[in-house]
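Single-structure report; data block below.
Reminder, nothing fancy here: chain letters follow the sequence lines and each chain counts from 1.
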2 protein chains.
Amino acid sequence: MNRLTIGLKQAGLRLTPQRVAICKILAESKDHPTAMMIYHQLLPQFPTLSLATVYKTLNVLKSMGLVHTLGDAGDGAEHFDADLTPHINLVCVRCNSVVDFDEGLIHAVQQAVEQRSGYEIQGARIVYYGLCPQCRVNGTAKQQESAQ
Amino acid sequence: MNRLTIGLKQAGLRLTPQRVAICKILAESKDHPTAMMIYHQLLPQFPTLSLATVYKTLNVLKSMGLVHTLGDAGDGAEHFDADLTPHINLVCVRCNSVVDFDEGLIHAVQQAVEQRSGYEIQGARIVYYGLCPQCRVNGTAKQQESAQ
DNA sequence: TTTGCTTCAGAAAATGATTTTCCATAGGAG
DNA sequence: CTCCTATGGAAAATCATTTTCTGAAGCAAA
Ligand SMILES: [Mn+2]
Ligand SMILES: [Mn+2]
Ligand SMILES: [Zn+2]
Ligand SMILES: [Zn+2]
């Protein structure tokens, strides 16, 4: 029973096994999964699970503000983040990984935005993208996708 | 002749009228347009313009690092930003507007990420989303932007 | 338990933004 | 002018995401 399932219940939605499982993955994973990733991770446990169910649940959670979306990470799919605290996400455009990065300054930034923008802030999408350390190393002899 | 067209030329690409026009819109607009917005804006000038041409050009510019993408703003389309300097973008999830927000702290954040992450940073996507002041005033009514 | 109403998951079809394919042509090099 | 490659545009394809439809639960009252 985590923050997400509690939120669903408080909204009057039924806590079906599928929804609970999706919430569990979101709450426990640190890899900012896509709908497809969650689907494949749950398929062994729910052989008849439908991708539509995953998408529907994710959309419910998002519309309730219980999860954020980071946009695509070079793989053409939406990545979800259940960590609502202000933080930086690092995207590697080669291996499409998404990891968190701790930087205290970001809290002050969020406060500045909330106080000075006049917006009713609902969430943030703070992403820096580039090459992760591992892909930088492998990149010295990397695949050049230009010119033939 | 702006930074974008210069970049295209230096890359050995031809400066066709379509590409120049697309670069001009990107360099001069502050509204973070989508491919569709650019297409409609240029249609009077180029009646035979194809959306595919717009997408192709945008992808070239992006792959060269001359523009950034902010992800969707609630309208299901990718928004482009030609301003590469570190800055905050404010998205209104109701009217789907995207505006810049000046906050000096963000420069320090970028420096911290570059120095401590180990990543080869190529760009950033810093977006706060919520309701803009105007949409806040207009209350909970939906689809208020295009009034009758 | 039975009845009646509502919600849900899943399969399939639809949607729509973006990409790809194909081809006639423009334009640079020689 | 003649080759040759890069380009724009029309149309088709792709593919992540959404919607539709339907039978099966869940739930509560009798
Ligand atoms: Mn995160
Ligand atoms: Mn901007
Ligand atoms: Zn990587
Ligand atoms: Zn607004």
Side-chain angles (χ1 to χ4, degrees), chain A residues 5 8-25 32-64 67-80 96 98 145-148, chain B residues 5 7-25 32-40 42-64 67-80 96 98:
Chain A
T5 55
L8 290 182
K9 185 157 195 173
Q10 286 182 343
L13 296 179
R14 292 184 196 158
L15 294 188
T16 67
Q18 292 88 342
R19 284 176 178 169
V20 171
I22 292 170
C23 289
K24 189 165 185 283
I25 287 182
H32 309 78
T34 65
M36 186 64 80
M37 291 172 181
I38 295 173
Y39 172 73
H40 279 128
Q41 195 167 338
L42 288 179
L43 213 46
Q45 187 180 347
F46 300 92
T48 69
L49 180 67
S50 167
L51 245 185
T53 297
V54 178
Y55 275 110
K56 286 175 187 168
T57 303
L58 287 172
N59 282 338
V60 169
L61 291 171
K62 184 181 178 183
S63 68
M64 297 179 64
V67 298
H68 289 172
T69 55
L70 299 180
D72 107 278
D75 50 4
E78 189 90 26
H79 288 252
F80 291 82
N96 306 132
V98 183
E145 52 187 328
S146 60
Q148 299 291 327
Chain B
T5 55
L8 289 181
K9 185 157 194 172
Q10 287 181 342
L13 296 178
R14 292 182 195 159
L15 293 188
T16 66
Q18 291 88 342
R19 284 176 178 167
V20 171
I22 291 170
C23 289
K24 189 165 185 284
I25 288 182
H32 309 77
T34 65
M36 186 65 80
M37 290 172 179
I38 295 173
Y39 171 72
H40 280 128
L42 289 179
L43 212 46
Q45 188 179 347
F46 299 92
T48 68
L49 180 66
S50 167
L51 245 186
T53 297
V54 178
Y55 276 110
K56 286 174 186 169
T57 302
L58 288 172
N59 282 338
V60 168
L61 291 171
K62 184 181 178 183
S63 68
M64 297 179 62
V67 299
H68 289 173
T69 55
L70 299 179
D72 106 279
D75 49 5
E78 189 91 28
H79 287 252
F80 291 81
N96 307 130
V98 183

- Query: Considering only heavy atoms, which members of residues 38-47 of chain A lie under 4.0 Å from some atom of DNA chain C?
  - Reply: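 Within this stretch, nothing sits under 4.0 Å of the strand.
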To the nearest 0.5 Å, what is the distance between [atom1] ([X]) and [atom2] ([Y])?
X: K24(A); Y: Q45(A); atom1: NZ; atom2: CD; answer: 8.0 Å
X: T5(A); Y: L13(A); atom1: OG1; atom2: CG; answer: 12.0 Å
X: E78(A); Y: N59(A); atom1: CD; atom2: CG; answer: 9.5 Å
X: T34(B); Y: D75(B); atom1: OG1; atom2: CG; answer: 6.5 Å

Heavy-atom side-chain proximity of [X] to [Y] below 4.5 angstrom:
X: T57(A); Y: I38(A); answer: no
X: T53(A); Y: T16(A); answer: no
X: V60(A); Y: M64(A); answer: yes

- Describe the nucleic acid contact of T48(A) in one word from base, sugar-phosphate, nothing, applying a heavy-atom distance below 4.0 Å.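 Contact class for T48(A): sugar-phosphate only.
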- May I ask you to say what T16(B) touches in the nucleic acid, namely base, sugar-phosphate or nothing, with a heavy-atom cut-off under 4.0 Å?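 Sugar-phosphate, backbone atoms only, no base.
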- First-last contacting nucleotides on DNA chain D - partner chain A, under 4.0 angstrom, heavy atom: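 With heavy atoms of chain A under 4.0 Å away, the range is dA16(D) to dG26(D).
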- Item | Protein proximity profile, nucleotides 16-30 of chain C - base contact B, sugar-phosphate-only contact S, no contact -, cut-off 4.0 Å on heavy atoms | -SBBBB---------
- Could you check V67(B), L15(B), L8(B) and say which one makes a side-chain contact (heavy atoms from CB on, under 4.5 Å) with C23(B)?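 The residue from V67(B), L15(B), L8(B) that satisfies side-chain contact (heavy atoms from CB on, under 4.5 Å) with C23(B) turns out to be L8(B).
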- Taking R19(B) for its side chain and R14(B) for its backbone only, find out whether a donor-acceptor pair lies under 3.5 Å.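 Such a contact is found between R19(B) side chain and R14(B) backbone.
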- Would you find a donor on one side and an acceptor on the other, under 3.5 Å apart, between the side chain of H79(A) and the backbone of H32(A)?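 Side chain of H79(A) to backbone of H32(A), a donor-acceptor pair under 3.5 Å: yes, one is there.
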